[in-house]
Protein chains: 2
Amino acid sequence: MKNLIVKMLLALLLFTNAAFAADQLPSWNDSNTKQSIFAFVQRVTTPGGKDFVSAPERIAVFDNDGTLWSEQPRYFQAFFIFDRIKQLAPHHPEWKTKEPFASVLKGDVKSALAGGEHALIEMAMAAQTGMTTEEFGKIVRDWIARAKHPKTGRLYTEMVFQPMLELLAYLRANGFKTFIVSGGGIEFMRPWTEQVYGIPPEQVIGSSIKTKFEIRDGQPVLARLPEMDFIDDKAGKPVGIQMHIGRRPIAAFGNSDGDLQMLQWTAAGKGSRFCLYVHHTDAKREFAYDRKSSIGRLDKGLDEAQAKGWTVVDMKKDWKRVFPIPKNE
Amino acid sequence: MKNLIVKMLLALLLFTNAAFAADQLPSWNDSNTKQSIFAFVQRVTTPGGKDFVSAPERIAVFDNDGTLWSEQPRYFQAFFIFDRIKQLAPHHPEWKTKEPFASVLKGDVKSALAGGEHALIEMAMAAQTGMTTEEFGKIVRDWIARAKHPKTGRLYTEMVFQPMLELLAYLRANGFKTFIVSGGGIEFMRPWTEQVYGIPPEQVIGSSIKTKFEIRDGQPVLARLPEMDFIDDKAGKPVGIQMHIGRRPIAAFGNSDGDLQMLQWTAAGKGSRFCLYVHHTDAKREFAYDRKSSIGRLDKGLDEAQAKGWTVVDMKKDWKRVFPIPKNE
């Protein structure tokens with residue numbers, strides 16, 4: 001009899017938790033996708049359960065571009081780089097005739113990118129190095145506060161995904177530590193991720209250039225050097241995770257083949273694991289792309305998700321709204 | 001009248017806080033050193049005060065060797081490397097005649113180190129790479145659980161400084177996030193820092209080798225490569241802090257010239273800052289060394305601390321006890 005009462009109370013508790021969890025994801029339609037999220041959280045947070053994971057081990061990693069905010073028609077950091085090049089042009093008269101800069105200044109992005117990775121890195125270095133880390137932080141903060149997306153006319157920070165903001169908060173409310181693991185520049189994200197995602201700088205992992213400690217006019221500074229240090233993409237993501245976190249995540253969230261190794265690394269740990277892909281299926285409210293896209297291609301990852309039973313978000317079906325401030329939705 | 005009462009209440013509150021703080025550092029003698037610590041904590045945690053710092057910005061960084069545990073007669077990781085070389089010797093018959101390994105196997109550490117940095121790195125790579133990150137974690141855990149210090153006969157984790165453990169806990173109780181920033185190997189520390197210092201792996205910064213993501217027998221692994229990635233010492237410490245934390249600490253704790261740039265970087269930030277050097281002055285209870293020591297040399301740092309009014313711990317005078325389990329004290 002006593003056992004029965006305990007079991008009934010436990011069942012009630014689980015039900016209450018589940019209902020509470022559902023409430024915490026109000027922008028998610030009721031679906032298998034949503035159920036899979038809170039079933040996982042319940043498994044790893046139920047004390048005494050066979051899948052229980054202690055709070056310090058509840059590490060969740062999120063890609064940024066295409067997972068927490070949009071990434072079309074190009075990665076937002078590319079717009080930042082182009083804007084910076086235009087801003088710096090008066091100090092570089094030689095850019096008028098020098099590619100890839102000349103094309104950027106003419107507004108011909110396609111030609112600017114024709115030089116491939118080499119041209120891209122040349123632009124990234126010209127736009128993002130040479131100053132101190134503090135100066136760069138200010139440049140990013142100023143840009144993100146006013147720059148507008150060329151298609152939507154919105155601030156870039158308005159193009160974050162409301163359902164993912166809720167998911168981040170829900171996981172943190174359940175004792176998870178949330179990290180960004182992005183191919184984007186680590187110092188391009190840090191100035192605004194705490195305010196926008198609730199993720200502090202020390203939980204942001206990204207690609208980086210080398211810096212050098214120097215004393216300038218009696219003040220110590222970190223100078224940003226025009227030299228790549230680490231590329232946090234594809235097989236680099238598990239490397240970046242180990243370097244910065246030092247333990248394996250139990251949950252990973254991505255949207256492209258560039259996140260596949262991060263999801264594989266997460267899935268291969270012992271115990272209960274959760275892997276999720278955001279599938280961009282909503283051309284009306286956001287963008288629709290997958291296997292053929294040059295940006296955020298989701299091809300091998302989609303196959304592996306289906307083969308392994310990972311959760312795949314169908315943005316069109318699973319999300320009640322996409323952005324915090326709906327527009328044309 | 002009302003103002004007076006408020007002032008009296010505030011004074012009482014400050015006094016109570018101070019008394020409480022003092023209690024939380026029971027292994028510290030009452031001295032200017034101890035007073036300087038809790039005066040700083042009070043300044044940055046008093047809401048409305050001019051030096052108030054919000055909790056997320058309360059970043060405190062600690063060197064490890066010589067600051068949180070002993071480092072004589074050599075860095076403890078050197079003992080680990082020598083032990084590993086002896087353990088691996090049966091698989092490397094060539095080491096019997098090849099330096100620096102031959103000298104290590106004969107127990108002649110001085111000759112082994114005669115080859116300088118090159119020999120040291122060769123030994124470090126032979127002992128600490130070639131396996132996966134998970135395998136290396138297990139090797140470190142096994143070693144730290146049983147290896148004994150050659151002079152004290154104690155476990156290395158028994159040679160941590162009790163006053164510093166109290167300081168770590170006191171800062172955390174006041175909303176600080178505590179990080180290790182050490183020249184030692186990042187993966188040599190992470191397997192035990194959470195248990196010993198209460199510092200989780202993601203808050204450990206150290207020197208590192210490169211790793212590579214691979215699929216082995218269908219399982220993803222991170223292989224440890226025999227190639228240096230980052231040296232987290234001297235001017236590397238502010239670089240490591242920026243790379244991992246992404247904001248400037250407000251408090252820094254070290255014991256050698258290798259920590260000087262970290263303290264300079266911390267001190268140069270705006271607002272109230274705290275820099276502390278542990279000065280090893282106690283030959284009886286621990287070790288006494290400073291300006292002339294080849295390990296943990298404190299020379300330029302001591303001059304700068306005196307010039308800038310940083311706090312310097314005199315271990316002999318300021319600490320009631322050194323280790324958690326006193327022995328010959």
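We use all heavy atoms of the structure for the numbers below, so side chains are in, but hydrogens, waters and symmetry mates are not. First the proteins, then the strands, lettered A, B, ... as listed; each starts at 1.
Among F179(B), F230(B), F213(B), the residue with the largest count of heavy-atom pairs under 4.5 Å with chain A is F213(B). The most heavy-atom pairs under 4.5 Å with chain A, out of Q219(B), M243(B), K234(B), come from M243(B). Interface check for chain A: of the options K210(B), Q264(B), E214(B), Q261(B), the most heavy-atom pairs under 4.5 Å are formed by Q261(B). The candidate from R248(A), K212(A), R247(A) with the greatest count of non-hydrogen atom pairs under 4.5 Å with chain B is R247(A). When G236(A), P201(A), G206(A) are compared by the number of non-hydrogen pairs under 4.5 Å with chain B, P201(A) comes out ahead. Of all the listed residues (V204(B), T133(B), L222(B)), the one sharing the greatest number of non-hydrogen pairs under 4.5 Å with chain A is L222(B).
Between E202(B) and the options Q203(A), K177(A), H244(A), E202(A), a side-chain contact (heavy atoms from CB on, under 4.5 Å) holds for only K177(A).
Using a 4.5 Å cut-off between heavy atoms, I59(A) contacts chain B through its side chain alone, with no backbone atom that close. Only the side chain of I215(B) comes within less than 4.5 Å of a heavy atom of chain A; its backbone N, CA, C and O stay farther away. Within the 4.5 angstrom heavy-atom criterion, atoms from both the backbone and the side chain of I245(A) approach chain B. With a 4.5 angstrom heavy-atom cutoff, Q242(A) touches chain B via backbone and side-chain atoms both.
A salt bridge is absent between K270(A) and E134(B): the closest approach of a Lys/Arg side-chain nitrogen to an acidic carboxylate oxygen does not fall below 4.0 angstrom.
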